[in-house]
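Below you'll find the structure, written out as structure tokens, and then a few comments.
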Amino acid sequence: MIPPNHPRRESLLQREAVVEGFREGYVAAQGLIAQGRGECFDYLIGEATQPFALKAIRAAAAALLLAKRPVVSVNGNVAALAPRAVVELAEAAGALIEVNLFYRTGEREEKIAEVLRRHGAGEVLGVGEDAACVIPELFSERRRVSCKGIYAADVVLVPLEDGDRTEALRRMGKTVIAVDLNPLSRTSRAASITIVDNVVRALPALANAVRELRGRPREDLEGVLRGYDNRGVLQEALRHILERLRRLSEGELELVG
Ligand code: PTJ
């Protein structure tokens, strides 16, 4: 039980959610390590959605609204941390939801689909026989995808993704939106749009941005996308971390929590 006034309550609740998902058998053991890495980067960016993430969120919302076949990909960690946010985002963007796992087992797929359904999802793709199509040149179990989901998608949102698949999806001509707290990861560098933020904050913020931009003329949305520079956004994230560490190290800034 985490006391309501604990200074690190939010972070501890997220950790507990991932551990609980592991105990229930749908978060991979490696997912616990990924969460620890994420916590570390979240510390560095200040555990808040920063301006560089807001830029990426706006571009991602435009890409989702312009998409013909958008898909949200879900793995164990995302199912544990933000199941309701996935469902709300998919509804707002008219996107399909697909389970796609790096450490794939039929049992985990089923359990994740069940978690999503418990949080309001209708159809969940990528489970069992549905993952019958193959992403070329990819050797992890993530190569198996739903033929009517990720395989046919033009825009794929991949929270907590691995670099290989991001690159493979880009080679297939898809727009890849990543959510990754690590601005140095291969995924961050290979994605078309990288939201350097915690999925817990980024997915609801993205759903809001989609609702805000919905109804804007196509040309406006295309303008938002044209003006977006992912390399510049990642450099901004690194400058933010650098400046924050400098201010902390010189006593200009105090940590709260
Ligand atoms: O459920 P599966 O089988 O598909 O496996 C999922 C994991 C996450 C285990 C798998 O994709 C994996 O091994 O990922 P990596 O290579 O550890 O990368 C995870 C990335 O997500 C790292 O760059 C972390 O910094 C980042 N990350 C971790 N937690 C969060 C996060 N980014 C955003 N929000 C988080 N909460």
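Because the structure is a prediction, the values reported are computed rather than measured.
By the rule that hydrophobic residues join a cluster once side-chain heavy atoms approach within less than 4.5 Å of another member, Val176 and Val224 end up as members of separate clusters. A single hydrophobic cluster is not seen to contain both Val179 and Phe102; linkage of ILVMFWY side chains at heavy-atom distances under 4.5 Å, directly or through other members, places them apart.
Of the possible polar contacts, none joining the Ser192 side chain to the Ile177 backbone as a donor-acceptor pair under 3.5 Å is found.
With salt bridges taken as basic N to acidic carboxylate O contacts below 4.0 Å, none links Glu47 and Arg201. Between Arg239 and Glu243 there is no salt bridge, since no side-chain nitrogen of the basic residue lies less than 4.0 Å from a carboxylate oxygen of the acidic one. We find that Arg15 and Glu39 are joined by a salt bridge, their nearest charged nitrogen and carboxylate oxygen being less than 4.0 Å apart. Ion pairing of Lys148 with Glu123 is present here, as a side-chain N (NZ or NE/NH1/NH2) and a carboxylate O approach within less than 4.0 Å. Taking the charged nitrogens against the carboxylate oxygens, Asp164 and Arg186 do have a contact shorter than 4.0 Å, which makes a salt bridge.
Considering all non-hydrogen atoms of both residues, Ser73 and Arg165 come closest at OG-NH2, 3.2 Å. Leu181 and Val196 make their closest contact through O-CG1, 3.5 Å (heavy atoms, listed as atom of the first residue, atom of the second, distance). Contact between Phe22 and Val27 at its shortest, heavy atoms only, is CD1-O, 3.3 Å. Looking at every heavy atom in both residues, Asn230 comes nearest to Ser188 through ND2-O, 3.4 Å. Summarising the geometry of Leu160 relative to Asn75, their closest heavy-atom pair is O-ND2, 3.1 Å, with the distance given to 0.1 Å. Closest of all the heavy-atom pairs between Val18 and Ala80 is CA-CB, 4.1 Å.
Side chains of Val115 and Val74 form no contact here, defined as non-hydrogen atoms less than 4.5 Å apart. Considering only heavy atoms from C-beta on, His240 comes within 4.5 Å of Arg244 through its side chain. Counting heavy atoms from C-beta outward, Arg84 and Val87 have side chains that approach closer than 4.5 Å. In this structure, the side chains of Asp180 and Glu161 stay at 4.5 Å or more apart for every pair of heavy atoms.
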Show the numbers, then the answer: is there a side chain to side chain contact (heavy atoms under 4.5 Å, CB included) between Thr175 and Leu225?
-> CA-CA 11 Å; Thr175 297; Leu225 268 189; over 6 Å; no

